[in-house]
Asker: 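Before we start, here is the structure in question, set down as structure tokens.
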There are 2 protein chains.
Amino acid sequence: MNNPSFRNWQSVQEEVLRRIHARVWKPGDLIPNEVDLALEFGCARTTVNRALRSLAESGLLDRRRKAGTRVAAQPVAKATLDITVIRMEVEGRGQKYGYQRIERREAVPPLAISGSMKTHATRSLLHVRALHMADDTPYAFEDRWINPEVVRDGLAESYETVSANEWLLKHAPYTHGEIAFSAISATSEEAKVLCCHQNSALFAIDRLTWDGASAVTKVRLLFGPGHQLRTNL
Amino acid sequence: MNNPSFRNWQSVQEEVLRRIHARVWKPGDLIPNEVDLALEFGCARTTVNRALRSLAESGLLDRRRKAGTRVAAQPVAKATLDITVIRMEVEGRGQKYGYQRIERREAVPPLAISGSMKTHATRSLLHVRALHMADDTPYAFEDRWINPEVVRDGLAESYETVSANEWLLKHAPYTHGEIAFSAISATSEEAKVLCCHQNSALFAIDRLTWDGASAVTKVRLLFGPGHQLRTNL
DNA sequence: AATAGTATTATGTCCATACATAAAAAACTG
DNA sequence: CAGTTTTTTATGTATGGACATAATACTATT
């Protein structure tokens with residue numbers, strides 16, 4: 001009719017976004033079906049589908065077969081955090097990366113660890129603790145348990161120069177995992193390692209990765225006071 | 001070639017995942033191009049494309065025109081956090097949601113606020129503070145500044161029964177935003193509101209949303225000790 | 001040998017068409 | 001009327017073919 005130039009899915013998406021934002025289609029509203037939109041935009045249905053599917057993935061639209069497509073009543077903001085190797089994270093900030101292994105030993109872990117990793121309570125695992133540094137100041141304290149049954153080559157590594165964080169990502173594949181973020185008070189030991197005061201509020205990332213039914217590794221990363229994890233919406 | 005063809009993109013994706021995981025294609029490796037894979041899998045190139053694109057979106061593959069597709073050397077784990085309305089979050093845990101407004105006033109904000117929201121330093125904003133509760137215990141402390149120039153109807157609301165958190169999501173659209181997670185020590189006032197000890201480590205979410213070039217609202221959510229934000233990989 | 005222009009190539013996307021599938025609505029049945 | 005079956009419908013996806021685009025590889029020019 002008027003603007004015949006919705007010739008790619010990005011422009012269709014933009015127009016849909018514009019309408020949502022301009023309240024032409026309000027939260028909860030049912031929007032026209034794909035066939036009608038394709039007709040209006042002068043493109044193929046597949047193109048409209050591509051645009052809408054992508055918006056649904058980002059949580060802005062709710063789609064159901066037969067029921068149609070509606071604007072999400074509660075736009076669930078999906079914040080995507082990129083969990084990279086710490087070295088990359090530090091270098092990405094333009095800082096010099098440093099690494100120092102603190103401890104490496106085989107030991108029977110506390111029950112909390114063997115329990116969540118579903119390893120036998122008396123089975124000994126590889127325990128590695130290390131400090132990541134940025135511009136020569138402490139950045140993150142890594143405390144990790146590795147399952148040697150799954151990561152067979154892992155026992156041969158010393159983790160003295162290459163962090164377990166980095167080595168595992170490259171050599172130990174995983175199928176899925178869990179990650180949790182929280183705030184904890186620094187113990188005296190943690191405070192000493194991170195050069196901060198005891199009971200400082202530290203940002204913690206706990207991660208547990210699996211290869212099928214077997215735990216690969218469980219790690220806690222403690223970041224120094226003031227650390228922020230940020231992303232865009 | 002024999003393999004009773006992969007007739008949908010999900011099964012193609014599974015097979016590709018299997019090969020990556022089984023180290024048939026190792027991190028950094030270049031994998032066959034779409035045409036060859038389509039031939040091997042006995043499906044259309046579009047189907048292979050769909051599977052690979054989806055894996056690239058989740059960070060497992062790196063794709064570049066002409067250069068081809070390769071297994072990500074550093075599989076960037078993308079953790080997607082669903083940021084919902086707090087009421088939904090609490091109810092989702094099977095707990096009873098409670099809400100209580102603490103304060104509501106118009107005031108000129110501190111420079112740190114007006115600065116990040118890019119409002120005029122002398123412009124007064126709407127300041128709302130409230131407590132979210134789960135099963136009658138404090139859950140999150142919300143401290144929010146609202147830009148009345150953008151959220152025109154916002155001044156009419158009392159936020160006494162419906163939280164600003166919820167009201168704004170429904171009535172104030174935004175184009176983009178920033179979100180940051182961190183750990184902070186509870187001040188004496190925060191400790192009092194959340195019924196915890198002073199200097200407890202609290203999990204903080206800071207969010208700033210924009211409507212084009214104007215800030216809509218800036219909010220800090222403080223969660224009680226022990227709170228975890230979790231997701232799967 | 002450095003530079004600019006050209007060819008090649010793998011991914012990216014659009015299209016028309018067809019069929020699959022989930023779920024709502026309507027029709028049917030006891 | 002409640003419960004079950006059938007129809008309808010909007011989204012989901014597969015296909016082959018075509019052209020677009022970005023980036024590398026190659027070639028000609030200076």
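Reminder, nothing fancy here: chain letters follow the sequence lines and each chain counts from 1. Keep in mind the model is a prediction, meaning the values are calculated, not measured. The analysis underlying the following values was restricted to heavy atoms, covering all of them including side chains, and did not include hydrogens, waters or symmetry mates.
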Asker: Inspect the contact between A/K170 and A/E166 and indicate whether a charged nitrogen and a carboxylate oxygen are less than 4.0 angstrom apart.
Answerer: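 Salt bridge flag = no for A/K170 with A/E166.
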Asker: Any idea how A/Y139 and A/F223 line up, ring-wise: parallel (<30°), tilted (30 to 60°), or perpendicular (>60°)?
Answerer: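 Answer is perpendicular, since the angle exceeds 60°.
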Asker: Could you tell me if the side chain of B/T119 sits less than 4.5 Å from the side chain of B/E149, heavy atoms only?
Answerer: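 B/E149 does not reach B/T119 side chain to side chain.
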Asker: Tell me, please, the opening and closing nucleotides of DNA chain D, 5' to 3', among those with an atom under 4.0 angstrom from a non-hydrogen atom of chain B.
Answerer: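 Footprint of chain B along DNA chain D, 5' to 3': D/dT13 to D/dT24.
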Asker: Do B/W25 and B/L61 have side-chain heavy atoms sitting under 4.5 Å apart?
Answerer: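 No; the side chains remain at least 4.5 Å from each other.
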Asker: Contact between A/W167 and A/D153 at the side-chain level, heavy atoms closer than 4.5 Å - yes or no?
Answerer: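 They are in contact (side-chain heavy atoms under 4.5 Å apart), so the answer is yes.
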Asker: Run the salt-bridge test on A/R19 and A/E15 with the 4.0 Å N-O cut-off and return the result as yes or no.
Answerer: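 Looking at A/E15 together with A/R19, the answer is yes, because their closest N to O distance falls below 4.0 Å.
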Asker: Just how far is it from atom CZ of B/R63 to atom CG of B/N33, taken to the nearest 0.5 Å?
Answerer: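 So the gap between those two atoms works out to 10.0 Å.
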Asker: What is the per-nucleotide protein-contact pattern of nucleotides 11-17 of chain C, from the 5' end, where B denotes a base atom under 4.0 Å from a protein heavy atom, S denotes such proximity for sugar-phosphate atoms only, and - denotes neither?
Answerer: BBBSBB-
